[in-house]
Amino acid sequence: MTAAATVSADAAERLRTAIERAVRREVHADAAVAGLRRLSAGASRETWRFELRQPDAPPCSLVLKRDPPDEEIAKGDWLSFGLSIERETEARLMAAAHAHGLPVPRLRFILRPEDGGGRGFVMDYVAGETLGRRIVRDGEFTAARPRLTFQCGETLARLHALPPAALPPLPSLPPGPHLKLYRDLLAAFDWPHPGFTYGLKWLEERLALVGRRQALVHGDFRNGNLVVGPEGLRAVLDWEIGHLGDPLLDLGWLCVKSWRYGRASLPVGGFGRREELFAGYESAGGGRVDSEAVRFWEIFGCIRWGIMCLRFGFNHLAGVHRSIEWAAIARRAAETEYDLLQLID
Amino acid sequence: MPDDRPDAVELVEAVREFLLNEVAPQVHGQLSFHVRVAANALAIAAREWRDGPALRGAARERLARLLNQAGEYEALNRELCRRILAGQPPPDRAGLLAHMRQTAADKLRLANPRYARSDDD
(Lines give C-alpha, C1' and ligand atoms only; values in the text may rest on other atoms or scores of the structure.)
Protein backbone atom coordinates (compact mmCIF):
# COMPACT_ATOMS: atom_id res chain seq x y z
CA MET A 1 0.00 0.00 0.00
CA THR A 2 1.29 3.45 -0.89
CA ALA A 3 1.80 6.26 1.62
CA ALA A 4 -0.99 8.29 0.00
CA ALA A 5 -3.45 5.42 0.35
CA THR A 6 -2.50 5.00 4.04
CA VAL A 7 -3.12 8.66 4.78
CA SER A 8 -6.48 8.56 3.06
CA ALA A 9 -7.46 5.46 5.08
CA ASP A 10 -6.72 7.43 8.28
CA ALA A 11 -8.76 10.35 6.95
CA ALA A 12 -11.65 8.02 6.13
CA GLU A 13 -11.59 6.61 9.69
CA ARG A 14 -11.63 10.14 11.14
CA LEU A 15 -14.62 10.95 8.90
CA ARG A 16 -16.39 7.72 9.95
CA THR A 17 -15.97 8.71 13.61
CA ALA A 18 -17.32 12.19 12.87
CA ILE A 19 -20.41 10.82 11.11
CA GLU A 20 -20.96 8.33 13.93
CA ARG A 21 -20.89 11.17 16.47
CA ALA A 22 -23.59 12.92 14.41
CA VAL A 23 -25.88 9.91 13.90
CA ARG A 24 -25.72 9.14 17.64
CA ARG A 25 -27.11 12.60 18.29
CA GLU A 26 -29.56 12.74 15.35
CA VAL A 27 -30.78 9.14 14.96
CA HIS A 28 -30.08 6.81 17.86
CA ALA A 29 -27.66 6.85 20.81
CA ASP A 30 -26.39 3.38 19.87
CA ALA A 31 -26.22 3.89 16.10
CA ALA A 32 -23.05 2.88 14.23
CA VAL A 33 -21.51 3.77 10.88
CA ALA A 34 -19.96 1.07 8.69
CA GLY A 35 -18.79 0.53 5.13
CA LEU A 36 -17.87 4.16 4.51
CA ARG A 37 -16.63 4.72 0.96
CA ARG A 38 -16.13 7.63 -1.39
CA LEU A 39 -18.79 7.70 -4.11
CA SER A 40 -17.95 10.32 -6.68
CA ALA A 41 -14.61 11.21 -8.12
CA GLY A 42 -16.07 14.71 -7.99
CA ALA A 43 -13.70 17.52 -8.82
CA SER A 44 -14.84 19.80 -5.98
CA ARG A 45 -17.41 18.44 -3.48
CA GLU A 46 -17.09 15.05 -1.85
CA THR A 47 -19.87 12.46 -1.56
CA TRP A 48 -19.55 9.39 0.66
CA ARG A 49 -21.89 6.44 1.08
CA PHE A 50 -22.19 4.48 4.31
CA GLU A 51 -24.39 2.01 6.13
CA LEU A 52 -26.27 3.16 9.22
CA ARG A 53 -26.76 0.41 11.80
CA GLN A 54 -29.08 0.83 14.76
CA PRO A 55 -30.80 -1.45 17.27
CA ASP A 56 -34.37 -2.53 16.42
CA ALA A 57 -34.20 -1.31 12.79
CA PRO A 58 -32.82 -2.75 9.56
CA PRO A 59 -29.58 -1.17 8.33
CA CYS A 60 -29.95 1.52 5.68
CA SER A 61 -27.73 3.28 3.17
CA LEU A 62 -27.09 7.01 3.57
CA VAL A 63 -24.99 9.56 1.71
CA LEU A 64 -22.85 12.39 3.08
CA LYS A 65 -22.13 15.37 0.87
CA ARG A 66 -19.53 17.81 2.15
CA ASP A 67 -17.06 20.48 1.16
CA PRO A 68 -13.46 19.35 0.80
CA PRO A 69 -11.98 19.21 4.32
CA ASP A 70 -9.02 21.28 3.15
CA GLU A 71 -10.15 24.73 4.25
CA GLU A 72 -7.56 26.31 1.98
CA ILE A 73 -9.39 25.12 -1.12
CA ALA A 74 -12.64 26.76 -0.06
CA LYS A 75 -11.01 29.99 1.15
CA GLY A 76 -8.40 30.39 -1.55
CA ASP A 77 -10.68 29.75 -4.52
CA TRP A 78 -10.45 33.25 -5.93
CA LEU A 79 -12.78 32.24 -8.77
CA SER A 80 -15.70 30.74 -6.91
CA PHE A 81 -17.60 33.94 -6.15
CA GLY A 82 -21.31 33.75 -6.81
CA LEU A 83 -21.19 30.26 -8.25
CA SER A 84 -22.38 28.01 -5.48
CA ILE A 85 -24.48 28.04 -2.31
CA GLU A 86 -23.33 26.73 1.09
CA ARG A 87 -23.92 23.06 1.95
CA GLU A 88 -26.44 24.04 4.68
CA THR A 89 -28.45 26.05 2.13
CA GLU A 90 -28.29 23.20 -0.37
CA ALA A 91 -29.62 20.83 2.32
CA ARG A 92 -32.55 23.14 3.13
CA LEU A 93 -33.32 23.62 -0.56
CA MET A 94 -33.44 19.86 -1.11
CA ALA A 95 -35.64 19.44 1.97
CA ALA A 96 -38.06 22.08 0.62
CA ALA A 97 -38.21 20.35 -2.77
CA HIS A 98 -38.76 16.98 -1.06
CA ALA A 99 -41.57 18.43 1.07
CA HIS A 100 -43.30 19.53 -2.15
CA GLY A 101 -43.16 16.01 -3.55
CA LEU A 102 -40.26 16.38 -5.98
CA PRO A 103 -38.00 13.37 -6.59
CA VAL A 104 -35.12 14.36 -4.29
CA PRO A 105 -33.19 12.30 -1.71
CA ARG A 106 -34.65 12.90 1.75
CA LEU A 107 -32.49 15.07 4.03
CA ARG A 108 -31.58 13.31 7.31
CA PHE A 109 -29.51 16.00 9.07
CA ILE A 110 -26.91 18.72 8.68
CA LEU A 111 -23.44 18.19 10.20
CA ARG A 112 -22.45 20.46 13.07
CA PRO A 113 -18.94 21.94 13.40
CA GLU A 114 -18.34 19.96 16.61
CA ASP A 115 -18.87 16.69 14.70
CA GLY A 116 -15.48 17.28 13.06
CA GLY A 117 -16.63 16.19 9.60
CA GLY A 118 -16.55 19.60 7.92
CA ARG A 119 -19.51 21.36 6.34
CA GLY A 120 -22.01 18.90 4.94
CA PHE A 121 -25.25 17.04 5.27
CA VAL A 122 -26.56 13.48 5.27
CA MET A 123 -29.37 12.25 3.00
CA ASP A 124 -30.99 8.99 1.95
CA TYR A 125 -29.16 6.92 -0.65
CA VAL A 126 -31.33 6.48 -3.75
CA ALA A 127 -30.42 3.31 -5.64
CA GLY A 128 -30.12 3.55 -9.42
CA GLU A 129 -27.83 4.61 -12.25
CA THR A 130 -26.22 8.06 -12.40
CA LEU A 131 -23.55 7.48 -15.06
CA GLY A 132 -24.69 9.36 -18.16
CA ARG A 133 -22.87 7.05 -20.55
CA ARG A 134 -24.79 4.03 -19.23
CA ILE A 135 -28.13 5.84 -19.15
CA VAL A 136 -27.87 6.75 -22.85
CA ARG A 137 -26.60 3.31 -23.97
CA ASP A 138 -27.47 0.35 -21.72
CA GLY A 139 -30.32 -1.92 -22.78
CA GLU A 140 -31.59 -1.82 -19.20
CA PHE A 141 -32.78 1.77 -19.81
CA THR A 142 -34.29 1.37 -23.31
CA ALA A 143 -37.84 1.69 -21.98
CA ALA A 144 -36.85 4.40 -19.49
CA ARG A 145 -35.31 6.83 -22.02
CA PRO A 146 -38.44 8.23 -23.78
CA ARG A 147 -40.30 8.38 -20.45
CA LEU A 148 -37.31 10.04 -18.78
CA THR A 149 -37.44 12.96 -21.22
CA PHE A 150 -41.11 13.67 -20.44
CA GLN A 151 -40.46 13.19 -16.69
CA CYS A 152 -37.59 15.71 -16.80
CA GLY A 153 -40.03 18.22 -18.31
CA GLU A 154 -42.68 17.50 -15.66
CA THR A 155 -40.15 17.62 -12.82
CA LEU A 156 -38.68 20.92 -14.00
CA ALA A 157 -42.14 22.49 -14.26
CA ARG A 158 -42.90 21.48 -10.66
CA LEU A 159 -39.47 22.57 -9.47
CA HIS A 160 -39.94 25.99 -11.08
CA ALA A 161 -43.32 26.30 -9.36
CA LEU A 162 -41.89 25.92 -5.83
CA PRO A 163 -42.98 29.04 -3.91
CA PRO A 164 -39.93 31.22 -3.08
CA ALA A 165 -41.34 31.69 0.46
CA ALA A 166 -40.80 27.94 1.07
CA LEU A 167 -37.12 28.12 0.10
CA PRO A 168 -33.98 29.14 2.02
CA PRO A 169 -32.48 32.50 0.93
CA LEU A 170 -30.94 32.00 -2.51
CA PRO A 171 -28.84 34.26 -4.74
CA SER A 172 -30.74 36.06 -7.46
CA LEU A 173 -29.17 35.82 -10.91
CA PRO A 174 -31.26 37.45 -13.64
CA PRO A 175 -29.94 36.82 -17.18
CA GLY A 176 -27.87 40.03 -17.50
CA PRO A 177 -25.96 39.62 -14.21
CA HIS A 178 -25.58 35.88 -14.93
CA LEU A 179 -23.83 36.63 -18.23
CA LYS A 180 -21.73 39.28 -16.53
CA LEU A 181 -20.63 36.80 -13.85
CA TYR A 182 -19.15 34.56 -16.53
CA ARG A 183 -17.68 37.48 -18.48
CA ASP A 184 -15.92 38.59 -15.27
CA LEU A 185 -14.67 35.05 -14.60
CA LEU A 186 -13.28 34.80 -18.12
CA ALA A 187 -11.58 38.18 -17.66
CA ALA A 188 -10.10 37.04 -14.33
CA PHE A 189 -8.27 34.17 -16.07
CA ASP A 190 -6.41 36.84 -18.09
CA TRP A 191 -5.92 34.42 -20.96
CA PRO A 192 -7.61 35.00 -24.33
CA HIS A 193 -10.51 32.74 -25.37
CA PRO A 194 -12.03 34.57 -28.35
CA GLY A 195 -14.74 31.92 -28.90
CA PHE A 196 -16.20 32.37 -25.40
CA THR A 197 -15.78 36.16 -25.56
CA TYR A 198 -17.60 36.26 -28.91
CA GLY A 199 -20.33 33.91 -27.61
CA LEU A 200 -21.00 36.03 -24.50
CA LYS A 201 -21.20 39.15 -26.66
CA TRP A 202 -23.56 37.34 -29.05
CA LEU A 203 -25.84 36.45 -26.11
CA GLU A 204 -25.69 39.96 -24.62
CA GLU A 205 -27.09 41.28 -27.90
CA ARG A 206 -30.01 38.85 -27.53
CA LEU A 207 -30.86 39.29 -23.84
CA ALA A 208 -34.38 40.40 -24.80
CA LEU A 209 -35.15 36.73 -25.59
CA VAL A 210 -34.94 35.67 -21.93
CA GLY A 211 -35.89 36.63 -18.40
CA ARG A 212 -39.68 36.77 -18.82
CA ARG A 213 -40.10 34.90 -15.52
CA GLN A 214 -38.13 34.66 -12.28
CA ALA A 215 -38.33 31.38 -10.35
CA LEU A 216 -36.24 28.76 -8.57
CA VAL A 217 -33.58 27.43 -10.97
CA HIS A 218 -31.88 24.12 -10.14
CA GLY A 219 -28.80 25.24 -12.07
CA ASP A 220 -27.28 21.81 -12.75
CA PHE A 221 -30.21 19.69 -13.95
CA ARG A 222 -28.50 17.37 -16.45
CA ASN A 223 -27.71 13.80 -17.32
CA GLY A 224 -25.13 12.82 -14.70
CA ASN A 225 -27.09 14.40 -11.83
CA LEU A 226 -30.17 12.21 -12.33
CA VAL A 227 -30.73 8.86 -10.59
CA VAL A 228 -32.42 6.61 -13.15
CA GLY A 229 -33.98 3.16 -12.93
CA PRO A 230 -35.44 0.93 -15.65
CA GLU A 231 -38.81 2.61 -14.99
CA GLY A 232 -37.49 6.19 -15.31
CA LEU A 233 -36.45 9.13 -13.12
CA ARG A 234 -35.91 8.39 -9.42
CA ALA A 235 -34.14 11.45 -8.03
CA VAL A 236 -32.51 14.76 -8.91
CA LEU A 237 -29.12 15.36 -7.24
CA ASP A 238 -26.64 18.23 -6.86
CA TRP A 239 -28.62 21.32 -5.92
CA GLU A 240 -25.52 23.38 -5.11
CA ILE A 241 -25.96 25.93 -7.94
CA GLY A 242 -29.60 26.57 -7.02
CA HIS A 243 -30.63 30.22 -7.46
CA LEU A 244 -33.47 32.49 -8.52
CA GLY A 245 -33.44 33.31 -12.21
CA ASP A 246 -34.96 32.47 -15.60
CA PRO A 247 -36.29 28.91 -15.18
CA LEU A 248 -35.80 28.12 -18.88
CA LEU A 249 -32.06 28.01 -18.10
CA ASP A 250 -32.64 24.51 -16.69
CA LEU A 251 -34.18 23.29 -19.99
CA GLY A 252 -31.35 24.73 -22.09
CA TRP A 253 -28.66 23.35 -19.74
CA LEU A 254 -30.17 19.84 -20.00
CA CYS A 255 -29.70 20.06 -23.81
CA VAL A 256 -25.99 21.04 -23.77
CA LYS A 257 -24.06 18.57 -25.91
CA SER A 258 -21.59 17.76 -23.12
CA TRP A 259 -24.34 15.82 -21.33
CA ARG A 260 -25.32 13.69 -24.33
CA TYR A 261 -22.42 11.29 -23.84
CA GLY A 262 -21.92 10.67 -27.56
CA ARG A 263 -25.64 10.41 -28.42
CA ALA A 264 -25.57 13.80 -30.12
CA SER A 265 -28.75 13.25 -32.15
CA LEU A 266 -30.83 13.11 -28.95
CA PRO A 267 -30.46 16.65 -27.61
CA VAL A 268 -32.11 16.10 -24.22
CA GLY A 269 -29.34 14.47 -22.20
CA GLY A 270 -28.62 12.01 -25.01
CA PHE A 271 -31.93 10.27 -24.28
CA GLY A 272 -34.74 12.34 -25.82
CA ARG A 273 -36.10 15.00 -28.12
CA ARG A 274 -36.84 18.61 -27.20
CA GLU A 275 -40.53 18.23 -28.16
CA GLU A 276 -40.98 15.50 -25.50
CA LEU A 277 -39.24 17.64 -22.87
CA PHE A 278 -41.40 20.67 -23.68
CA ALA A 279 -44.57 18.50 -23.72
CA GLY A 280 -43.75 17.21 -20.22
CA TYR A 281 -43.05 20.75 -19.02
CA GLU A 282 -46.33 22.10 -20.41
CA SER A 283 -48.36 19.12 -19.12
CA ALA A 284 -47.22 19.84 -15.53
CA GLY A 285 -48.24 23.49 -15.67
CA GLY A 286 -44.89 25.01 -16.68
CA GLY A 287 -46.53 27.10 -19.39
CA ARG A 288 -45.80 27.25 -23.10
CA VAL A 289 -42.05 26.78 -23.69
CA ASP A 290 -40.32 29.42 -25.80
CA SER A 291 -37.86 27.30 -27.78
CA GLU A 292 -35.79 30.36 -28.77
CA ALA A 293 -35.24 31.16 -25.09
CA VAL A 294 -34.24 27.53 -24.42
CA ARG A 295 -31.77 27.75 -27.33
CA PHE A 296 -30.32 30.93 -25.78
CA TRP A 297 -29.72 29.03 -22.54
CA GLU A 298 -28.25 26.01 -24.35
CA ILE A 299 -25.72 28.32 -26.01
CA PHE A 300 -25.06 29.96 -22.64
CA GLY A 301 -24.65 26.45 -21.23
CA CYS A 302 -21.77 25.70 -23.62
CA ILE A 303 -20.00 28.86 -22.43
CA ARG A 304 -20.87 28.24 -18.78
CA TRP A 305 -19.54 24.67 -18.73
CA GLY A 306 -16.45 25.74 -20.69
CA ILE A 307 -15.68 28.50 -18.20
CA MET A 308 -16.34 26.14 -15.26
CA CYS A 309 -13.75 23.77 -16.76
CA LEU A 310 -11.27 26.62 -17.20
CA ARG A 311 -11.85 27.69 -13.60
CA PHE A 312 -10.54 24.35 -12.34
CA GLY A 313 -7.43 24.73 -14.48
CA PHE A 314 -6.71 28.30 -13.41
CA ASN A 315 -7.24 27.39 -9.74
CA HIS A 316 -4.66 24.65 -10.27
CA LEU A 317 -2.25 27.11 -11.92
CA ALA A 318 -2.79 29.67 -9.12
CA GLY A 319 -1.83 26.99 -6.57
CA VAL A 320 -5.22 27.01 -4.83
CA HIS A 321 -5.30 23.25 -5.24
CA ARG A 322 -2.64 21.45 -7.27
CA SER A 323 -4.44 18.53 -8.89
CA ILE A 324 -3.99 16.51 -12.05
CA GLU A 325 -7.78 16.28 -12.31
CA TRP A 326 -8.24 20.06 -12.09
CA ALA A 327 -5.42 20.64 -14.58
CA ALA A 328 -6.81 18.16 -17.09
CA ILE A 329 -10.45 19.22 -16.90
CA ALA A 330 -9.55 22.72 -18.13
CA ARG A 331 -8.64 21.29 -21.52
CA ARG A 332 -12.23 20.03 -21.88
CA ALA A 333 -13.16 23.67 -22.52
CA ALA A 334 -12.07 23.00 -26.11
CA GLU A 335 -15.09 20.69 -26.48
CA THR A 336 -17.66 23.31 -25.47
CA GLU A 337 -15.93 26.06 -27.46
CA TYR A 338 -16.21 23.83 -30.52
CA ASP A 339 -19.90 23.08 -29.80
CA LEU A 340 -20.62 26.77 -29.13
CA LEU A 341 -19.23 27.86 -32.48
CA GLN A 342 -21.45 25.33 -34.27
CA LEU A 343 -24.52 26.95 -32.64
CA ILE A 344 -23.92 30.65 -33.29
CA ASP A 345 -23.22 32.82 -36.32
CA MET B 1 19.34 22.56 -29.26
CA PRO B 2 19.80 19.05 -27.89
CA ASP B 3 18.46 16.37 -30.19
CA ASP B 4 19.06 13.19 -28.21
CA ARG B 5 16.69 10.23 -28.42
CA PRO B 6 14.27 9.43 -26.97
CA ASP B 7 13.19 13.04 -27.53
CA ALA B 8 10.66 14.96 -25.43
CA VAL B 9 7.59 13.45 -27.12
CA GLU B 10 9.04 9.94 -26.96
CA LEU B 11 9.80 10.35 -23.22
CA VAL B 12 6.29 11.61 -22.53
CA GLU B 13 4.87 8.64 -24.42
CA ALA B 14 7.09 6.28 -22.43
CA VAL B 15 5.80 7.71 -19.12
CA ARG B 16 2.22 7.42 -20.41
CA GLU B 17 2.72 3.74 -21.26
CA PHE B 18 4.32 3.16 -17.85
CA LEU B 19 1.30 4.73 -16.10
CA LEU B 20 -1.24 2.75 -18.09
CA ASN B 21 0.54 -0.61 -18.28
CA GLU B 22 2.38 -0.82 -14.96
CA VAL B 23 0.78 1.60 -12.46
CA ALA B 24 -2.92 1.44 -13.36
CA PRO B 25 -3.31 -2.34 -12.81
CA GLN B 26 -1.79 -1.99 -9.30
CA VAL B 27 -4.12 0.71 -7.93
CA HIS B 28 -7.84 1.07 -7.29
CA GLY B 29 -10.61 3.59 -6.79
CA GLN B 30 -9.86 7.27 -7.04
CA LEU B 31 -6.12 6.76 -7.48
CA SER B 32 -6.79 4.52 -10.48
CA PHE B 33 -9.04 7.22 -11.95
CA HIS B 34 -6.33 9.82 -11.45
CA VAL B 35 -3.69 7.61 -13.08
CA ARG B 36 -5.85 7.46 -16.20
CA VAL B 37 -6.44 11.22 -16.09
CA ALA B 38 -2.67 11.70 -15.81
CA ALA B 39 -2.01 9.37 -18.77
CA ASN B 40 -4.54 11.28 -20.83
CA ALA B 41 -2.90 14.60 -19.90
CA LEU B 42 0.43 13.23 -21.19
CA ALA B 43 -1.26 12.25 -24.46
CA ILE B 44 -2.43 15.87 -24.84
CA ALA B 45 1.09 17.12 -24.06
CA ALA B 46 2.63 14.82 -26.68
CA ARG B 47 0.15 15.88 -29.38
CA GLU B 48 0.66 19.55 -28.51
CA TRP B 49 4.43 19.21 -28.59
CA ARG B 50 4.27 17.55 -32.00
CA ASP B 51 1.48 19.50 -33.74
CA GLY B 52 1.04 22.66 -31.64
CA PRO B 53 3.69 24.88 -33.31
CA ALA B 54 2.32 24.32 -36.84
CA LEU B 55 -1.31 24.84 -35.75
CA ARG B 56 -0.35 27.98 -33.80
CA GLY B 57 1.61 29.31 -36.80
CA ALA B 58 -1.39 28.89 -39.10
CA ALA B 59 -3.70 30.52 -36.54
CA ARG B 60 -1.28 33.46 -36.21
CA GLU B 61 -1.40 34.02 -39.98
CA ARG B 62 -5.22 33.93 -40.03
CA LEU B 63 -5.34 36.39 -37.11
CA ALA B 64 -2.85 38.76 -38.74
CA ARG B 65 -5.02 38.83 -41.89
CA LEU B 66 -8.27 39.34 -39.92
CA LEU B 67 -6.85 42.10 -37.74
CA ASN B 68 -4.69 43.54 -40.49
CA GLN B 69 -1.68 43.75 -38.18
CA ALA B 70 1.47 41.77 -37.45
CA GLY B 71 2.43 40.27 -34.10
CA GLU B 72 2.90 37.18 -31.98
CA TYR B 73 0.01 34.74 -31.60
CA GLU B 74 -0.84 35.56 -27.97
CA ALA B 75 -0.73 39.33 -28.54
CA LEU B 76 -2.95 39.05 -31.64
CA ASN B 77 -5.37 36.77 -29.78
CA ARG B 78 -5.63 39.29 -26.92
CA GLU B 79 -6.22 42.06 -29.46
CA LEU B 80 -9.03 40.04 -31.05
CA CYS B 81 -10.74 39.59 -27.64
CA ARG B 82 -10.31 43.30 -26.88
CA ARG B 83 -11.98 44.27 -30.16
CA ILE B 84 -14.88 41.81 -29.70
CA LEU B 85 -15.50 43.13 -26.17
CA ALA B 86 -15.35 46.73 -27.40
CA GLY B 87 -18.04 45.94 -29.99
CA GLN B 88 -15.57 46.43 -32.84
CA PRO B 89 -14.91 42.91 -34.16
CA PRO B 90 -13.08 42.47 -37.47
CA PRO B 91 -15.47 43.55 -40.27
CA ASP B 92 -15.07 40.19 -42.06
CA ARG B 93 -17.62 38.37 -39.89
CA ALA B 94 -17.61 35.21 -42.00
CA GLY B 95 -13.81 35.16 -41.91
CA LEU B 96 -13.81 35.68 -38.14
CA LEU B 97 -16.21 32.78 -37.57
CA ALA B 98 -14.25 30.53 -39.94
CA HIS B 99 -11.05 31.38 -38.03
CA MET B 100 -12.61 30.72 -34.61
CA ARG B 101 -14.17 27.44 -35.78
CA GLN B 102 -10.85 26.29 -37.27
CA THR B 103 -9.03 27.23 -34.06
CA ALA B 104 -11.57 25.39 -31.92
CA ALA B 105 -11.28 22.30 -34.14
CA ASP B 106 -7.47 22.46 -33.85
CA LYS B 107 -7.61 22.80 -30.04
CA LEU B 108 -9.90 19.78 -29.97
CA ARG B 109 -7.47 17.84 -32.17
CA LEU B 110 -4.92 18.31 -29.38
CA ALA B 111 -7.19 18.00 -26.32
CA ASN B 112 -9.61 15.25 -27.41
CA PRO B 113 -9.32 14.12 -31.04
CA ARG B 114 -12.23 11.69 -30.69
CA TYR B 115 -14.74 14.35 -29.63
CA ALA B 116 -15.56 15.99 -32.97
CA ARG B 117 -16.15 12.65 -34.64
CA SER B 118 -17.86 10.99 -31.66
CA ASP B 119 -21.42 11.85 -32.71
CA ASP B 120 -23.60 8.81 -32.15
CA ASP B 121 -20.61 6.47 -31.99
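FYI, side chains are in, hydrogens and waters are out, and symmetry mates aren't considered; it's all heavy atoms of this structure. Just so we're on the same page: letters track the sequence lines, and every chain starts at 1.
Annotation for B/R83: atom CZ counts as buried by contact number, over 12 foreign heavy atoms lying within 6.0 Å. The number of heavy-atom neighbours closer than 6.0 Å to CD of B/E74, taken from other residues, nucleotides and ligands shown, is above 12. The environment of A/R134 atom CZ is sparse: at most 12 non-hydrogen atoms of other residues, nucleotides or ligands sit within 6.0 angstrom. More than 12 non-hydrogen atoms from other residues, nucleotides or ligands lie less than 6.0 angstrom from CG of B/N21.
Options A/R332, A/R37, A/E335 differ in how many heavy-atom pairs under 4.5 Å they form with chain B, and the most are formed by A/E335. Between chain A and the residues B/G87, B/G29, B/C81, B/P89, the most heavy-atom pairs under 4.5 angstrom are made by B/C81. When the candidates B/N40, B/L108, B/D106, B/V37 are compared by the number of heavy-atom contacts under 4.5 Å with chain A, B/L108 comes out ahead.
The parts of B/A105 that come within reach of chain A are both its backbone and its side chain, each placing non-hydrogen atoms under 4.5 angstrom from that chain. With a 4.5 angstrom heavy-atom cutoff, B/Q102 does not touch chain A via any of its atoms. For B/I44, the part lying under 4.5 angstrom from a heavy atom of chain A is the side chain only. Only the side chain of A/R183 has a heavy atom closer than 4.5 Å to any heavy atom of chain B. At a 4.5 Å heavy-atom cutoff, the contact between B/R93 and chain A is made by side-chain atoms alone. Residue A/D339 touches chain B through its side chain alone, counting heavy-atom pairs closer than 4.5 Å.
Closest of all the heavy-atom pairs between B/K107 and A/A334 is CB-CB, 4.0 Å. Annotation for A/R331 and B/L110: closest pair NH2-CB, 4.3 Å, computed over non-hydrogen atoms. Nearest approach of B/I84 to A/Y198, heavy atoms of both residues: CG2-CA, 3.7 Å. Here the shortest heavy-atom pairing between B/L97 and A/D345 reads CD1-C, 3.3 Å. Across all non-hydrogen atoms, the minimal contact from A/Y338 to B/A104 is CA-CB, 3.9 Å. The nearest pair of heavy atoms linking B/N77 to A/P194 is OD1-CG, 3.1 Å.
With rounding to the nearest 0.5 angstrom, the CG atom of B/L85 is 8.0 Å from the CD atom of A/E204. Summarising the geometry, atom CZ belonging to B/R78 is positioned 11.0 Å from atom OG1 belonging to A/T197; distances are rounded to the nearest 0.5 Å. Taking NZ from A/K257 and OH from B/Y115, the interatomic distance works out to 4.5 Å, rounded to the nearest 0.5 Å.
The closest donor-acceptor contact from the side chain of B/R101 to the backbone of A/L341 lies under 3.5 Å.
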